[in-house]
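Report on the following structure.
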There are 2 protein chains.
Amino acid sequence: MAHQDADVPDDSAGSALSDVDRFVQQWREQRPDLDPSPIALFGRVHRVYLRYQAVITKCFEDFGLNPASFDVLAALRRAGAPYRMTGTELAAESLLSSAGITFRLDKLEQAGLITRIRDTQDRRVVHSQLTPEGLALIDEAIAAHLDNEHRLLAGVDDADADQLAALLQRLEDSILAARQ
Amino acid sequence: MAHQDADVPDDSAGSALSDVDRFVQQWREQRPDLDPSPIALFGRVHRVYLRYQAVITKCFEDFGLNPASFDVLAALRRAGAPYRMTGTELAAESLLSSAGITFRLDKLEQAGLITRIRDTQDRRVVHSQLTPEGLALIDEAIAAHLDNEHRLLAGVDDADADQLAALLQRLEDSILAARQ
DNA sequence: AGTTAGTATCTAAGCACTTAAAGATTAAGT
DNA sequence: ACTTAATCTTTAAGTGCTTAGATACTAACT
């Protein structure tokens, strides 16, 4: 893992500038005609997402899963018994293309974690359902995943976490509203 | 674009529950033995990132770029004249593997937007430098990109944006600290 | 000088997506 | 009933990454 420690800033000299702050400052110098302030926000979203993905990917490996397969199993599990959803429903929850869902379901079916069941009423529809093995696995994996996420939040107090979630929701709404 | 409007929630009945809030609630019902509250935060990070990527991808298309190629050109541009960085430096700024950077640079070189220059002192090192075409393109693209980002932030007031950036920095620090 | 270790980049194989289009089925309009 | 349109899933081709390992070079030690 090339980035394991190489890019952790040396913070020994007080509150050092973060990488993202440096990017903003560089843009101010190079292009004083522009206002680069949104980078302070979106750059951090980007970096937090990458850091987070790297950590949870490692957590899922213990269960033979990756973020993509975990995502599908978790959607089926939290839907409740009989742990069954259609491809269209799964695509909407995961913000994924239909082809992407087909790919994920192929892998999970090969691994024996889901089965596909053609709908008898509407024969276009295919239901994907957790197998007993899939149910057992996701029930273990979600517990480890939440433990891990709590660990990642150890440095953020509860009030800040709540506020961060609320502000992120406002940001998502703003992005959707701006999407012409 | 399949998700253009299909997944925008109907908010006509007041402040409806967001998708992420529903996920948390479903987990509380299905697994009352677990505390799913971190999902409210990380789920939103994930969704905001996906929404954001979708919008900027469309913006970059106008310049024949994608987020990956824009990222490299922007790093070179904000570094200042002579707009030159090594692969290792670029990988660190973008949190990317060395192979990923090689791939990005191959594409940019084929497009005539950068040139590769072997270092004369240390012949292991390859500098990548903006061509005049690359410089002209990124100078146009960064202006459009920042305009676009300001548009995406229209629904978030400045104080909230600042606070969101600060909280995201705290979250990144917490993730890095927990990464054992 | 010669060996060993470390570093910078690139190659190869594989993976998880994407868009575009096709196939199968259902719904709507006449 | 018949045509047209809409919907659900899958296939095909291509893209941008990943890890693992190869290659080329430099630095450190003896």
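In the text below, chain A, chain B and the rest are named by the order of the sequence lines, each starting its count at 1. None of these values were measured; they are calculated from a predicted model.
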Rounded to whole Å, the CZ-P distance (Arg118(B) to dC25(D)) equals 7 Å
Rounded to the nearest 0.5 Å, the CG atom of Leu167(A) sits from the CD atom of Gln163(B) at a distance of 6.0 Å
Separation between CG (Asn148(B)) and CD1 (Ile56(B)), nearest 0.5 Å, reads 8.5 Å
Against the side chain of Ala68(B), the closest entry in dG16(D), dT18(C), dT9(C) is dG16(D)
Gln110(A) CD to dT10(D) P, in whole Å, measures 13 Å
Fill in: Salt-bridge contact Arg170(A)-Asp157(B) (side-chain N to carboxylate O under 4.0 Å)
no
Practice task
Measure distances between side-chain N and O atoms of Thr86(A) and base N and O atoms of dC8(D), and say whether any donor-acceptor pair falls under 3.5 Å.
Solution key: no
Can you tell me if Arg104(B) touches the phosphate of dC17(D), counting only side-chain N or O atoms and a distance under 4.0 Å to OP1 or OP2? yes
note: Asp106(A), atom CG; dT11(D), atom C1'; distance rounded to Å ~ 10 Å
Quiz item: Do the side-chain N or O atoms of Ser97(B) get closer than 4.0 angstrom to the phosphate oxygens (OP1, OP2) of dT18(D)?
Solution: yes
Rounded to whole Å, CG of Asp122(A) lies from C1' of dA6(D) at a distance of 12 Å
From NZ of Lys107(A) across to C1' of dT10(D) the rounded distance in Å is 15 Å
By nearest-nucleotide position on DNA chain C, the 5'-leaning member of Leu105(B) and Gly100(A) is Leu105(B)
Separation of dC17(D) atom P from Ile101(B) atom CD1, nearest Å, is 8 Å
(Q) Run the side chain to side chain contact (heavy atoms under 4.5 Å, CB included) test on Thr115(B) and Glu109(B) for me, step by step, so that the C-alpha distance in whole Å, both residues' side-chain angles and the decisive distance to 0.1 Å come before the verdict. (A) CA-CA 6 Å; Thr115(B) 50; Glu109(B) 193 175 35; 5.5 Å; no
Please check the phosphate of dT9(D) (OP1 and OP2 only) for any side-chain N or O of Thr88(A) closer than 4.0 Å. yes
Base-paired stretches in DNA chain C with three or more consecutive Watson-Crick or G-U pairs, both distances under 3.5 Å, amount to C:1-30 with D:1-30
With the side chain defined as heavy atoms from C-beta on, Ser98(A) is closest, among dC17(C), dC10(C), dT9(D), to dT9(D)
- Query: In terms of ring plane angle, is the pair His145(A) and Phe60(A) parallel, tilted or perpendicular, where the classes change at 30° and 60°?
  - Reply: tilted
From CZ of Phe103(B) across to C1' of dT11(C) the rounded distance in Å is 13 Å
*Report which part of the nucleic acid Gly87(B) touches: base, sugar-phosphate, or nothing (heavy-atom distance under 4.0 Å, all strands).*
sugar-phosphate
### Message
I'd like to know if Arg124(A) reaches the base of dT9(D) with its side chain such that a donor and an acceptor end up less than 3.5 angstrom apart.
### Response
no
| field | Polar side chain donor-acceptor pair, Glu172(B) to Tyr52(A), under 3.5 angstrom | value | no
- Query: Would you say the side chains of Gln169(B) and Asp173(B) form a donor-acceptor pair under 3.5 Å?
  - Reply: yes
Q.
Please confirm whether the shortest side-chain N or O distance from Asn66(A) to OP1 or OP2 of dA16(C) is below 4.0 Å.
A. yes
### Query
Does any N or O donor sit under 3.5 Å from an N or O acceptor when you compare the side chain of Arg123(A) with the base of dT25(C)?
no
Next item on the list: With side chain to side chain contact (heavy atoms under 4.5 Å, CB included) as the test, would you mind laying out the steps for Val125(B) and Arg118(B) before giving the verdict?
Entry: CA-CA 6 Å; Val125(B) 173; Arg118(B) 187 122 243 156; over 6 Å; no
- Query: Hey, are Arg44(B) and Ser18(B) close enough side-chain-wise for a donor-acceptor pair under 3.5 Å?
  - Reply: yes
DNA chain C nearest-nucleotide lookup for Val126(B) and Thr120(A): closer to the 5′ end is Val126(B)
Flag the pair Glu93(B) / Asp19(A) as yes when at least one side-chain heavy-atom distance between them is below 4.5 Å, and no otherwise. no
Separation of dC15(C) atom C1' from Leu108(A) atom CG, nearest Å, is 14 Å
Mind checking whether Leu135(A) and Thr131(A) have side chains closer than 4.5 Å, heavy atoms only? no
Residues in residues 69-82 of chain B with a heavy atom under 4.0 Å of DNA chain C, by number, are none
Under 4.0 angstrom, heavy atoms only, what part of the nucleic acid is Glu89(B) near: base, sugar-phosphate, or nothing?
nothing
